[in-house]
Every structure is written in structure tokens, then in C-alpha cells.
Amino acid sequence: MLIAEGVAGPEKGGGAGAAANASAAAGAGDSAIEHSDYRAKLSQIRQIYHQELEKYEQACNEFTTHVMNLLREQSRTRPITPKEIERMVQIIHKKFSSIQMQLKQSTCEAVMILRSRFLDARRRRRNFSKQASEILNEYFYSNLSNPYPSEEEKEALARRCGITINQVSNWFGNKRIRYKKNIGKAQEEANLYAAKKAAGASPYSMSGTPGPMMSPPPGEDSMGYGIPGMNGSGYSGVGQ
DNA sequence: CTACATGATTTCGA
DNA sequence: TCGAAATCATGTAG
């Protein structure tokens, strides 16, 4: 059981097996940085585990020799068979091994907790960069009539935003549903992006072509375009 | 600290 | 398997 967690076995973080299994399911492709933290914690647990294990081992040996000595002393006053000695030793070892089992169990628990804490992507959520949001929003509002990027488009967006395809899919899923939920507010955002595009670049074909290929205009013009409903009402749009 | 924004996951249906 | 909707858990502005 512990071996599966990479705690028991020899040195080397093998826990990635189960870990990757859990995180590979969805958008956690950037897990390199977080993983190193996880690994560090895991190896810490492993170290403590081995430390304790060794301590028990040592205590066990000490205790055994102690008992042996006692028996030897006693053998002067009464006969003691080797069998009896062996039985004694066996009992001691059994006791200690059950203690070790407990150690294993608690270590296992610690690993489980660590894993759920670190590997659950929801707990590691990071907001996308402003640029990424910009790119995604731009695409979304440019294709409001059909905000369903194809696989290739998703990949292109993912590349430009520095996120995974899964994350792009998540984003569009969230965006669509949340846009629908309050069209009123989002409409302003739509106008804003439409204006941006008009200001930023050449004419466009609304749907069909993969559309945005240039990076977003760095300039912060946005204002200056008498956009109705843009006068600081509620949502300031860009990014957040 | 609270409320809201937002990315990720889960559930359900076609 | 993809997407809609509901839900979760975190980030962050107030």
C-alpha cells in the first residue's frame, strides 16, 4: 500500500504514478512547479517514515539483546532451553512489527492528505494572465454567434495564452454559460471588445475563419469611441 | 473577513 | 465524447 505511494520503497519519488493518474484527467498540464512542492513534502514524509522505522528497528534489537542477557543470567539458576529463547525473541519481534504497522498506517494517512491537498487542481487554481483573458475574450466576442472553437482553434488559443487545451475548453464552457446567465452585463463587454477590434485592426470576417492571428494591441485606447453603455457602468470589461 | 469573480470538476443528456 | 448546468474551491477586491 505504501509502496504505491512511493513512501515505502527505496529512495526516489515514485508516487507520481497515482498522482499523475489523478491529475492527468484534466487540465493540470502545468503541474511542474506545483509538483516539485508536492515531491518535497512527500520526500519529507518518506524521510520521517524511514527515520522512525530505523528507530523502531534499533529499539527492537536493543530490547532483544536485553532480554537475551536476562535469560542468560537466569540460565544460571534454572535451565532454559534454546527453544524458549527463540520463542521469546519471536514474541518481541511480533510486537515491534505491529508497532511498525501502525507507523505505516499513519504515514499512509499523511500521504493521502498531502495528495488530496496538492493534487486536487481545484485547490491550485490560478487566474489566467490578463493577456490570456484578453485573447480568449477577443475570440469569444468575435465569434459570439458560434463560440465553439474547433480543436485546432483551441490549440492555437492555448498556445497563445500559454495554457492547455483543456483549460481553453474549460474557459469557453464557463464563458458561454456565464455569458448566457446575464447577457445584459456581458453585452457591454461584447461592445467593448467589438470596439477594440475595430480600433485595433483590419476588417474581419465574423465567423468561419480562425480569425485572430495577431497579438492584442498593446495600446490602451479603448475610450474615445462613443460606445453606448460604456460610461463606467458596472463592468469595466477588459480582463477584470 | 465577506462577497464576488473565476478556473476546475462533477453530473447529466444527446 | 462534447457541451450545459450545477457545484466546488480558490483568488482577490472591498
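The distance between atom CZ of A/Arg178 and atom P of B/dT6, rounded to the nearest whole Å, is 8 Å. For the pair A/Phe128 CZ and C/dT10 P, the interatomic distance rounds to 17 Å; values are reported in whole Å. Atom CG of A/Asn166 is separated from atom C1' of B/dT9 by 11 Å (rounded to the nearest Å). Atom CD in A/Gln167 sits about 4 Å away from atom P in B/dA8, given to the nearest Å. Summarising the geometry, the separation between CZ on A/Arg125 and C1' on C/dT7 is reported as 14 Å, rounded to the nearest angstrom. As a whole-Å value, the separation of A/Lys175 NZ from B/dT6 P is 7 Å.
Distances shorter than 4.0 Å separate none of the side-chain N or O atoms of A/Arg126 from OP1 or OP2 on B/dG7.
Checking B/dT9, C/dT10, C/dT7 against the side-chain heavy atoms of A/Asn170 singles out B/dT9 as nearest.
By the side chain to side chain donor-acceptor pair (under 3.5 Å) test, A/Gln47 is found to be paired with no residue, residues two or more places apart in sequence or in another chain being considered. Partners of A/His93 by side-chain contact (heavy atoms from CB on, under 4.5 Å), not counting sequence neighbours, listed by chain and number: A/Cys60, A/Thr64, A/Val89. Contacts of A/Gln44 classified as side-chain contact (heavy atoms from CB on, under 4.5 Å), with partners at least two apart in sequence or in another chain: A/Lys41. By the side chain to side chain donor-acceptor pair (under 3.5 Å) test, A/Arg72 is found to be paired with A/Asn69, residues two or more places apart in sequence or in another chain being considered. By the ring pair (Phe, Tyr, Trp, His ring centres under 6.0 Å) test, A/Phe172 is found to be paired with A/Tyr139, residues two or more places apart in sequence or in another chain being considered. Remark: A/Arg78 pairs with A/Gln74 by the side chain to side chain donor-acceptor pair (under 3.5 Å) rule, at least two apart or across chains. Partners of A/Arg159 under the side chain to side chain donor-acceptor pair (under 3.5 Å) rule, at least two apart in sequence or in another chain, are A/Glu155.
By the rule that hydrophobic residues join a cluster once side-chain heavy atoms approach within less than 4.5 Å of another member, A/Ile91 and A/Tyr56 end up as members of separate clusters.
A/Ser97 and A/Gln100 are not linked by any side-chain donor-acceptor pair at a separation below 3.5 angstrom, with hydrogens and angles left out of the test.
The base of B/dA5 does not come close enough to the side chain of A/Asn127 for any donor and acceptor atom to sit less than 3.5 Å apart.
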Atom pairs, protein N/O to nucleotides 12-14 of chain B N/O, distance under 3.5 Å:
none

Distances under 3.5 Å only, N/O to N/O: pair up the protein atoms with those of nucleotides 2-5 of chain C.
from, atom 1, to, atom 2, distance (Å)
C/dA4, OP1, A/Tyr148, OH, 2.3
C/dA4, OP1, A/Arg176, NE, 3.4
C/dA4, OP2, A/Arg176, NE, 2.6
C/dA4, OP2, A/Arg176, NH2, 2.9
C/dA5, OP1, A/Lys180, NZ, 3.3
C/dA5, OP2, A/Lys180, NZ, 2.7

